Amino acid sequence: MLSTKDVLDHHVKCFFEFDLEGILSDYAPDTVFFTPDGPFKGADGIRPFYQTMLTEWRKPGAVFSMKHVSVVGDYAYAVWTAETADNVYELGTDTLVVRDGKILAQSFAGKVTPKG
C-alpha cells in the first residue's frame with residue numbers, strides 16, 4: 001500500500017506530466033475535494049477542475065515552486081507559488097487526507113491573480 005508521501009509524490013508527478021487519469025487514480029471513490037468554488041465529490045466531480053487546471057498549465061512559461069511540504073501519518077500539507085500564462089499564484093496550499101493509499105479528502109486554497 002502506498003504511503004501518504006508516495007500518494008502526494010505521484011499526484012504532483014502526474015500533474016506536471018498532464019496525466020489526468022493518473023491524477024484521478026489517486027482519489028478514493030467517495031473522495032471530497034474542497035475548493036474556494038465549493039466541494040467536488042468523486043473522480044467524476046473532480047475531473048472538470050483538473051481539466052481546466054491542466055489546460056492552463058500546459059501553456060508555455062508555467063513556473064512552479066514548492067515552498068513547504070509536511071506529511072504526518074495520513075495527512076499531507078503543501079505550500080507553493082506559481083505563475084502561468086493566465087494567473088499568478090501568490091500562494092497555493094493543498095491539504096490531503098490519505099487512507100488505504102488513496103486521497104479521501106483534499107482542500108485547495110490560494111491567492112490567485114489573473115493576468116491582464
Side-chain angles (χ1 to χ4, degrees):
M1 179 159 329
L2 295 175
S3 71
T4 301
K5 183 176 181 332
D6 292 338
V7 172
L8 178 62
D9 289 348
H10 181 262
H11 201 63
V12 171
K13 176 181 174 284
C14 287
F15 185 86
F16 287 108
E17 291 177 352
F18 310 114
D19 178 0
L20 179 60
E21 296 309 316
I23 292 168
L24 295 176
S25 76
D26 290 328
Y27 290 96
D30 56 347
T31 192
V32 179
F33 186 0
F34 298 94
T35 75
D37 295 325
F40 302 104
K41 295 180 182 178
D44 289 340
I46 295 169
R47 181 180 299 275
F49 174 85
Y50 279 110
Q51 287 171 326
T52 300
M53 290 291 285
L54 294 177
T55 297
E56 175 185 347
W57 283 79
R58 282 183 197 267
K59 296 176 184 175
V63 178
F64 175 89
S65 177
M66 185 69 79
K67 299 298 184 183
H68 176 80
V69 174
S70 294
V71 177
V72 178
D74 292 343
Y75 307 96
Y77 176 69
V79 178
W80 49 272
T81 60
E83 186 170 346
T84 67
D86 300 334
N87 294 300
V88 175
Y89 294 79
E90 296 175 49
L91 175 70
T93 70
D94 287 279
T95 303
L96 289 74
V97 178
V98 176
R99 298 257 165 78
D100 300 323
K102 297 288 184 182
I103 300 169
L104 183 62
Q106 180 176 354
S107 69
F108 161 76
K111 173 135 173 58
V112 184
T113 304
K115 291 183 172 180

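The structure presented is a predicted model; accordingly, all values stated were derived computationally and were not measured. Note: hydrogens, waters and symmetry copies are ignored here, and every other heavy atom, side chains too, is used.
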Quick one: are R47 and L24 in side-chain contact, heavy atoms under 4.5 Å? yes
About how many Å separate CG of D74 and CG of L96, when rounded to the nearest 0.5 Å? 11.0 Å
On a heavy-atom basis, which atom in A76 and which in L8 lie closest, and how many Å separate them? CB-CD2, 4.1 Å
Tell me the closest heavy-atom pair linking P60 and A85, and the distance in Å. O-CB, 4.2 Å
Inter-residue atom distance M1.CE - R99.CZ, 0.5 Å rounding: 12.0 Å
Rounded to the nearest 0.5 Å, how far does CZ of F40 lie from OG1 of T35? 4.5 Å
Where does the angle between the aromatic ring planes of W80 and F108 fall among parallel (under 30°), tilted (30 to 60°) and perpendicular (over 60°)? parallel
Any donor-acceptor pair under 3.5 Å linking the side chain of T4 with the backbone of V71? no
Would you say V97 ends up clustered with V79 if hydrophobic residues are merged whenever their side chains have heavy atoms under 4.5 Å apart, either directly or through other cluster members? no
Would you give the length of the straight line joining atom CG of L20 to atom CD of Q51, rounded to the nearest 0.5 angstrom? 5.5 Å
Non-hydrogen atoms of P48 and D44 that approach each other most closely: CD-O, 3.4 Å
Hydrophobic clustering (ILVMFWY, side-chain heavy atoms < 4.5 Å, transitive) - are V12 and V69 grouped together? yes
Smallest separation among heavy atoms of P39 and F34, with atom names: CB-CD2, 4.0 Å
Could you measure the distance from the OG atom of S25 to the NE2 atom of H11? Nearest 0.5 Å is fine. 9.5 Å
Can you tell me how the ring of Y50 sits relative to the ring of Y27, calling it parallel under 30°, perpendicular over 60° and tilted otherwise? tilted
Would you say that more than 12 heavy atoms from the other residues, nucleotides or ligands in this model lie under 6.0 Å from the OH of Y75, or not? no
Among all residues two or more places apart in sequence or in another chain, which pass the side chain to side chain donor-acceptor pair (under 3.5 Å) test with K41? none
Strictly distance-based, threshold 3.5 Å: is any side-chain N or O of K111 a donor or acceptor partner for the main-chain N or O of V88? no
So, the side chain of T81 versus the backbone of Y89: is there a donor-acceptor pair under 3.5 Å, distance only? no
Calculate, to the nearest 0.5 Å, the distance between atoms CD1 and CD1 belonging to I46 and I103 respectively. 8.0 Å
Could you tell me whether the side chains of T113 and E90 share a donor-acceptor contact shorter than 3.5 Å? yes
Can you get from W57 to F49 by hopping between Ile, Leu, Val, Met, Phe, Trp and Tyr side chains that sit under 4.5 Å apart? yes
Which residue, K115, E56, K59, R58, forms the side-chain hydrogen bond (donor to acceptor under 3.5 Å, both in side chains) with T84? E56
Which heavy atom of Q106 sits nearest a heavy atom of D94, and at what distance? NE2-OD1, 2.9 Å
Is M53 reachable from F16 through a run of I, L, V, M, F, W or Y residues, each pair having side-chain heavy atoms under 4.5 Å apart? yes
Could you tell me whether D9 and K13 make a salt bridge, using a distance below 4.0 angstrom between a side-chain N and a carboxylate O? no
